[in-house]
Amino acid sequence: MQSKLELVSFKLCPFVQRAVIVLKQKGVDFDITYIDLNDPPEWFKAISPLGQVPILKADGEVLFESAVIQEFVDEITPPSLHPQDPLIKAKHRAWMSFSSEIIFAAHGVVTAKEEGEFEQKQVAVKEKLARLEGVHSGGDYFAGDQLHLIDTTIAPLFMRLDFIKQLCGIDLLLGLPKCKHWSEVLLAMPAVQESVVPDLMEMYRMMIVKMDGILATKLNDG
Ligand SMILES: N[C@@H](CCC(=O)N[C@@H](CS)C(=O)NCC(=O)O)C(=O)O
């Protein structure tokens, strides 16, 4: 890499956080530029094909999509956090993609405006997490005792589920012991803890308030 990597971020974004975790875990020096997605700057609109973060600028090129960015950072900093075996690697990639669906489902819990929908969205998250529970190794990480990209990919979701638990008393990992342990291990990792701004939980609380859904009525500080 000729130039320093530059990540374009939105502080609350779990997809950007995936990239930051890999960058930190691999000890890569990088710059981070925060934008306001509610009022994105023109330069960002010009370079982001979908108007989304994360964007990674590398040697004059622009990369988008968190999975692609994670894999790129992983490949330029061997040894890889992906399994070697093509079939196992493909399986990990499939579950990485699946974890994005859980992030969207969890956002549905935050935005649900009436009780029936709120219950339904929680069930949708739990059903998807139960699928993950079914394929998890039962060790510290997805595939045993070794960290992979599937682990760095899921960590931002677990952080948000932990916020929901702390702020609203709703434990979406209840009854899923493997996922619960997995979450605890990942959230204790320095690269995960250092991947967000210090006041992210408060920002997340403010986002719940702003969404003004059923979840906002469950906030334990009123
Ligand atoms: N598939 C994308 C999803 C990224 C994404 O949804 N980013 C959100 C912020 S968390 C975004 O930029 N939203 C703005 C928009 O869609 O207009 C990835 O994995 O990078």
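Counting starts at 1 for both ligands and their atoms, in listed order. The chain is numbered in sequence order, starting from 1. Because the structure is a prediction, the values reported are computed rather than measured.
- Counting heavy atoms under 4.0 Å from ligand 1, residue Leu37 touches it through the side chain alone.
- For atom 19 (O) of ligand 1, the nearest non-hydrogen atom of the protein is Ser66 OG, 2.7 Å.
- Side chains of Thr153 and Gln70: a donor on one and an acceptor on the other come within 3.5 Å.
- With respect to the salt-bridge test (charged N to carboxylate O, under 4.0 angstrom), the residues Asp212 and Lys113 do not qualify.
- Considering only non-hydrogen protein atoms, atom 3 (C) of ligand 1 sits nearest to Gln52 OE1, 3.6 Å.
- The closest protein non-hydrogen atom to atom 17 (O) of ligand 1 is Gly51 O, 3.8 Å.
- The shortest N or O to N or O distance between Val53 and ligand 1 is below 3.5 Å.
- Distance alone, capped at 3.5 Å, places no donor-acceptor pair between the Glu117 side chain and the Ala112 backbone.
- Summary of contacts: the protein heavy atom closest to atom 2 (C) of ligand 1 is Glu65 OE1, 3.3 Å.
- Not a single heavy atom of Ser100 sits under 4.0 Å from any atom of ligand 1.
- Atom numbering of ligand 1 starts at 1 in the shown order; those under 4.0 Å from a heavy atom of Pro54 are 20 (O).
- Scanning the protein heavy atoms around atom 10 (S) of ligand 1, the nearest turns out to be Cys13 SG, 2.6 Å.
- Ser66 and Arg18 share a side-chain donor-acceptor pair at under 3.5 Å.
- Taking the side chain as every heavy atom from C-beta outward, Leu129 and Ile102 approach each other to under 4.5 Å.
- Taking the six-membered ring wherever Trp is involved, the centroid distance between the rings of Trp182 and Tyr141 does not fall below 6.0 Å.
- The distance between the ring centers of His148 and Phe142 does not fall below 6.0 angstrom.
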